[in-house]
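All of these numbers come straight from a predicted model, not from anything done at the bench. Order of appearance sets the numbers: ligands from 1, and atoms from 1 within every ligand.
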Amino acid sequence: VANFLLTGLRSVEVGVPDLAASERFYREIWGLAAVARAGEAVYLRASGDAHHVLALYPRAKTELLSVTFSAAARGDVDAVAARVASCGGRVEASPGPVDEPGGGYGLTLRDPDGRRFRVVAGDARHGDGAPRPDFPERLAHVVLNATDVEAASRFMCDALGFRITDRTRMMNFIRTSSDHHSIAFARGHAATLHHIAFQVPSLESVMRGAGRLKDAGFPIEWGVGRHGPGHNVFAYFIAPDGLPIEYTAEVESVGDNYKVGAPEDWTWPPGRVDAWGISPPPSARLHEAQTRIVFA
Ligand SMILES: [Fe+2]
């Protein structure tokens, strides 16, 4: 696989109105573990090597603070910084030491629509990473709504080195590694959060995770099913703080010779919303949750 400027998605930082309730949910039900605290913020890890995959900050309402990508070296952080302005974005914090648990050398930027992204190299990694059956290993992808999906995708490609993997009627899927996508942009009315997907080890893990959520009073809002683009298995839920979240597994790995799909390549037979043809459509609650959360 050709070199990408960034190596993948590391973490998502969110503000939540009831931090204790959110922390309890992500630890006891979703399957993350607290790895650090700083001030009032809590940093949660999955079973993989990323220092944390989710950071919770106390805020008046649930909001997206940033989406953080990993880079292999400091020079790659600097390379992104050098490209941002000419691509229509804005550097919010120039490359330098990251003052939070996990540390590293990082950059904070805003894309032309005001989405806040961070790029971090040299952050702490866990050496004890081992998949736990049925629990998250790492982030798989973040999907963001965009009024202009092509322009949002272009910024990610030009400034952060992503490539387009597939286009559908609803979304552009873009990648920064062999993962089919780390980010997707969905056609929407504002630059809001669509959902955050956590990778679990297997299809069995998606099923058992969904059962655990159901037992805890969190019904499946969409799924279980298998997506078209990316071919991943999915189950969607709404966290107590309103975040739309997904368990996913078996995401397709793609190489340089992947033929970029167009909307006409990705159609379902009438009545279908997943490749197996077993999933009911997404709930009205999920649709609503997927429009509500803005970038701070
Ligand atoms: Fe997803």
Shortest-distance N, O or S atom of Glu246 relative to the Fe ion (ligand 1): OE1

NE2 (His195) to the Fe ion (ligand 1) to NE2 (His141) angle, given to the nearest 10 degrees: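 An angle of 100° at the metal.
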
Asp166 and His180 side chains, donor-acceptor separation under 3.5 Å: yes

Face-on cation placement of Arg175 at Phe4 ring, 6.0 Å and 45° thresholds: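 Not flagged: Arg175 not positioned over aromatic ring of Phe4.
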
Heteroatom N/O/S of His227 within less than 2.8 Å of the Fe ion (ligand 1): no

Phe117 vs Phe69, ring-ring contact (aromatic ring centres under 6.0 Å, His included): CA-CA, chis, key distance, verdict: CA-CA 8 Å; Phe117 297 122; Phe69 301 104; 5.7 Å; yes

Ion pair Arg292/Glu288, N-O distance below 4.0 Å: yes

